[in-house]
Amino acid sequence: MTLKIYNTMTRTLEEFIPGGVKRDKIEDYAPVSIYSCGPTVYSYAHIGNFRTFVFNDFFRRYLEFRGYKLNQSMNITDVDDKTIAGANRDGVTLGEYTGKYTGIFFEDLKSLNIEEVEHYPRATESIDSMIDILEKINSKGLLYEKEGSLYFSISKYGDYGRLSRVDAREIKSGARYDADEYEKDDVRDFALWKASKKDEPSWETPFGSGRPGWHIECSAMIRKIYNSTIDVHTGGVDLIFPHHENEIAQSEAAYGEKFSRYWIHVEHLLVNGSKMSKSAGNFYTLRDLIEKGFSARSIRFLLLTAHYRKQLNFTLDGLKQAEQALERIDNFIVRLNDVKNFSCENNADSVIENFMESFTDTVDADLNISGGIGVFFDFITKLNSLIDENRLSLNDIDSINSTLELADSVFGFIYMDKQELQVDEEMINALVQERNDAKASKNFARADEIRDTLIDMGIVLEDTKDGTRWKIKK
RNA sequence: GGCGUCGUACCCAAGUGGCUAAGGGGGAGGUCUGCAAAACCUUUAUGCAGCGGUUCGAAUCCGCUCGACGCCUCCA
């Protein structure tokens, strides 16, 4: 089986071939170059934003699981209208302002158990590469200046709109455009570089001072880090047009080679049936939800349960269901490591093998992690039955634990949030022992009293045929 | 208006031409237990928005209808 990915550019499912040349073994591929559009650091990111970032993380983890090496980047947009306005409002420098929100963003990524990628380029640190693009585009005659701003001429470029499949003429008639930009030759044209206004930070270029347009940073960073065609470009569907379309135009115009082989776009997170967005005000931040008592773990799980190309309607009820689903996993792990009667034979091998095979087959089909999670729960049910039947050997338990770790290298939610017990284990064990003694001497009143005491402490007892165990009540 | 996506059980959600339509939550039964609880197991859609068509065969392809959402404007 091979990994297949839906490519927005071709609108088809394509075999994933990094570098464009098929190799015999996955290990033979050069590290997969991935560029993921990151946040603009002007305030807290919301969980709609994090849907995309959690997906990026899963994509990365799955490639690693399949044996690919990685070279991934996620940009931090640290200069734009909103960051400049925010810094001015707060009376701090742009760097102080974006530094604060960049820090918060990285904390949130960590809370969601998102792995670090290789590069986190900043727009403000990529100005030299932007200038290179401006010069290349200028030398091709596709750049023009109006009132100190530099624009890309789509009509002269010609080859525009392949990704979004928008008819260029329709853009012209349908677009509502910014009053600021009516100086453009053609409404379709986009700003590569913006003239500096007073109270705005600016950078010197051969074309005069100013600041980056939105689209150019991604093109610049990609060139700087990878220097040629990248394998995958990811982002939210709202970036297809105009952001990614413009990136393609300016990069391919400047360097004359394909910009990205694969385009992956993550659908929106909805809330009450419509897109979660800052401007609509209908958003939750990660911190909002944690304050309500939900775990980052359940948020990660929920964001992963729907396929990335389908809209996901976010509800608090859905989050509760996610927490309960995770409890099933946790309970399984407790039972597994509590097995006392070991079988002499290994009986889990085929179950593990079947799981690994169908997990890979399922997820290989356009990163279908929803299906992969289903396969995983199926795996748990089968193993629970083996536990019930006392058919697991010590060896089996080891192999199952290794399999769980491997699965978690993709999921990232199995062992997430393994918190330290905040309770006095010795005392609880003593009480459990006393209760068992009371039960043995048929002193059920005392036994029930101890049970109630523990429940009041938030400890739930589980009497099993092999003895009593306890857990912290959720 | 242009372009596009989606509509699967009470809720969430896979499956996109061919075994009995995954999985999770919830419900119902059962196992265990002194009784419980917790946990586990089993079960829960003759049907996939509606209608028509193609096919030996369709949730899956095509057409129409209804409904929802997205992009076309800052946006993950």
Side-chain angles (χ1 to χ4, degrees), chain A residues 8 11 13 36-40 42 45-56 77 80-82 161 164-167 169-178 214 234-243 265-270 273-280 301-302 305-307 309-315 317-329 331-332 334-335 338 358 362 365 368-381 384-385 387-389 438-440 442-444 447-448 451-452 455 460-466 468-471 473:
Chain A
T8 310
R11 310 282 164 110
L13 207 56
S36 303
C37 276
T40 301
Y42 70 101
H46 60 62
I47 56 163
N49 302 131
F50 285 119
R51 181 185 190 191
T52 302
F53 303 137
V54 167
F55 167 79
N56 286 338
T77 300
D80 81 318
D81 290 350
K82 287 175 183 152
S164 57
R165 303 196 174 179
V166 292
D167 186 325
R169 286 160 304 184
E170 292 298 335
I171 302 171
K172 192 170 183 175
S173 59
R176 285 152 280 174
Y177 50 90
D178 205 314
W214 175 32
T234 75
V237 288
D238 48 2
L239 298 184
I240 295 172
F241 185 87
H243 185 51
H265 290 99
V266 182
E267 255 297 352
H268 284 139
L269 189 70
L270 308 183
S274 58
K275 175 183 170 181
M276 180 176 286
S277 76
K278 294 269 180 62
S279 50
F301 181 85
L302 179 63
T305 48
H307 188 258
R309 285 200 289 121
K310 275 195 175 171
Q311 294 173 337
L312 169 58
N313 191 31
F314 177 82
T315 61
D317 189 53
L319 207 46
K320 282 191 202 108
Q321 293 191 6
E323 297 210 314
Q324 280 158 319
L326 287 168
E327 258 193 85
R328 180 164 162 79
I329 298 173
N331 287 329
F332 164 70
V334 169
R335 296 184 90 222
D338 195 48
S358 53
T362 302
N368 180 9
I369 193 178
S370 330
I373 292 172
V375 169
F376 180 66
F377 277 105
D378 211 40
F379 175 63
I380 287 181
T381 301
N384 268 327
S385 294
I387 292 173
D388 283 344
E389 295 157 10
K439 279 168 67 178
K442 305 257 191 255
N443 183 359
F444 298 123
D448 290 351
R451 186 165 71 199
D452 292 342
I455 283 174
V460 182
L461 297 183
E462 294 187 5
D463 290 327
T464 73
K465 60 180 185 293
D466 297 320
T468 303
R469 62 173 177 247
W470 55 271
K471 67 177 185 182
K473 196 165 74 182

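Chain identifiers are assigned alphabetically (A, B, ...) following the order of the sequence lines, protein sequences preceding nucleic acid strands; residue numbering begins at 1 within each chain.
For A:N331, the side chain to side chain donor-acceptor pair (under 3.5 Å) partners at least two apart in sequence or on another chain are A:K471. In this structure A:R451 satisfies the salt bridge (charged side-chain N to carboxylate O under 4.0 Å, His left out) test together with A:D448, sequence neighbours excluded. Taking the salt bridge (charged side-chain N to carboxylate O under 4.0 Å, His left out) definition, one finds that A:D80 meets it with nothing, sequence neighbours left out. With sequence neighbours excluded, the residues satisfying ring-ring contact (aromatic ring centres under 6.0 Å, His included) with A:H243 are A:W214, A:H215. Under the side chain to side chain donor-acceptor pair (under 3.5 Å) criterion, A:T305 pairs with no residue, sequence neighbours left out. Scored by the ring-ring contact (aromatic ring centres under 6.0 Å, His included) test, A:F376 finds A:F355, A:F411 as partners (sequence neighbours excluded). Every side chain to side chain contact (heavy atoms under 4.5 Å, CB included) that A:Q321 has, sequence neighbours left out, goes to A:D317. Under the side chain to side chain donor-acceptor pair (under 3.5 Å) criterion, A:T8 pairs with A:H265, sequence neighbours left out. For A:D338, the side chain to side chain donor-acceptor pair (under 3.5 Å) criterion is met by A:K340, A:R469, not counting sequence neighbours.
To the nearest whole angstrom, the two C1' atoms, one in B:rC74 and one in B:rA49, are 35 Å apart. Comparing the same atom, P, in B:rU42 and in B:rG24 gives a spacing of 9 Å after rounding to whole Å. For B:rU44 and B:rA22, the P atoms lie 10 Å apart once the distance is rounded to whole Å. Distance noted for atom C1' between B:rC61 and B:rG18: 14 Å (whole Å). Nucleotides B:rA59 and B:rC51 are separated by 15 Å at their C1' atoms, to the nearest Å. Taking atom P on both nucleotides, B:rG25 is separated from B:rU20 by 27 Å, rounded to a whole Å. One P atom belongs to B:rU46, the other to B:rA21, and the distance between them is 10 Å to the nearest Å. As rounded to the nearest Å, B:rA9 and B:rA45 have P atoms that lie 12 Å from one another.
Using a 4.0 Å heavy-atom distance criterion, A:K320 is classed as making no nucleic acid contact. No engagement by A:K278 is indicated, since no non-hydrogen atom pair under 4.0 Å with the nucleic acid exists. Within the 4.0 angstrom heavy-atom criterion, no nucleotide atom of any strand lies near A:I240.
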Annotated protein contacts, base or backbone, on nucleotides 6-15 of chain B with a non-hydrogen cut-off under 4.0 Å, one of B, S, - each: SS---BSSSS
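Counting heavy atoms of neighbouring residues, nucleotides and ligands inside a 6.0 Å radius, atom NZ of A:K442 does not exceed 12 of them.
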For nucleotides 39-42 of chain B, list the nitrogen or oxygen atoms of the protein found under 3.5 Å from its nitrogen or oxygen atoms, one pair per line.
unit_1 : atom_1 : unit_2 : atom_2 : d
B:rA39 : O2'    : A:R335 : NE     : 3.4
B:rC40 : O3'    : A:N384 : ND2    : 3.3
B:rC40 : O2'    : A:D388 : OD1    : 3.4
B:rC40 : O2'    : A:D388 : OD2    : 2.4
B:rC41 : OP1    : A:T381 : O      : 3.4
B:rC41 : OP1    : A:N384 : ND2    : 3.4
B:rC41 : OP2    : A:R328 : NH1    : 3.1

For nucleotides 31-34 of chain B, give me every protein contact, N/O to N/O, under 3.5 Å, one pair per line with atom names.
unit_1 : atom_1 : unit_2 : atom_2 : d
B:rG34 : O6     : A:D448 : OD1    : 3.4
B:rG34 : N1     : A:D448 : OD1    : 2.9
B:rG34 : N2     : A:D448 : OD2    : 3.0

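Going from atom CG of A:L461 over to atom CG of A:D452 covers 10.0 Å, rounded to the nearest 0.5 Å.
Distance CG (A:L461) to P (B:rA38): 12 Å, rounded to an integer number of Å. Atom-to-atom, CG of A:L270 to C1' of B:rG67 comes out at 15 Å; the value is rounded to the nearest Å. Atom pair A:M276:CE and B:rC69:P shows a separation of 16 Å (rounding to whole Å applied). As rounded to whole Å, 16 Å separates atom C1' of B:rC72 from atom CZ of A:R165. Regarding A:L13, its CG atom lies at a distance of 19 Å from the P atom of B:rU60, rounded to whole Å. In this entry the distance linking CZ of A:R11 with P of B:rG4 reads 8 Å, nearest Å. Taking atom CZ of A:F241 as the reference point, atom P of B:rG2 lies 17 Å away to the nearest angstrom. Regarding A:E323, its CD atom lies at a distance of 12 Å from the P atom of B:rG26, rounded to whole Å.
The partner of B:rG1, taking Watson-Crick or G-U wobble pairs whose two distances both stay under 3.5 Å, is B:rC72. Pair check for B:rU55 finds none; no Watson-Crick or G-U wobble contact set falls under 3.5 Å. Across all strands shown, B:rC66 forms a Watson-Crick or G-U wobble pair, both distances under 3.5 Å, with B:rG7. In this structure, B:rA36 forms no base pair with any nucleotide, since neither Watson-Crick nor G-U wobble geometry is met with both distances under 3.5 Å. Within the shown strands, nothing qualifies as a pairing partner of B:rU46 under the Watson-Crick or G-U definition with both distances less than 3.5 Å. Pair check for B:rA14 finds none; no Watson-Crick or G-U wobble contact set falls under 3.5 Å.
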Test log, rule side chain to side chain contact (heavy atoms under 4.5 Å, CB included), inputs A:L319 and A:F314: CA-CA 8 Å; A:L319 207 46; A:F314 177 82; 3.9 Å; yes
Derivation of the salt bridge (charged side-chain N to carboxylate O under 4.0 Å, His left out) call for A:R335 and A:D466: CA-CA 11 Å; A:R335 296 184 90 222; A:D466 297 320; over 6 Å; no
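Without hydrogens or angle criteria, A:S370 side chain to A:H307 main chain gives a donor-acceptor distance under 3.5 Å.
Where A:G38 and A:I455 each meet RNA chain B at their nearest nucleotide, the meeting point lying more 5' is that of A:I455. The 5' end of RNA chain B is approached more closely, in terms of each residue's nearest nucleotide, by A:F377 than by the other of A:F377 and A:P242.
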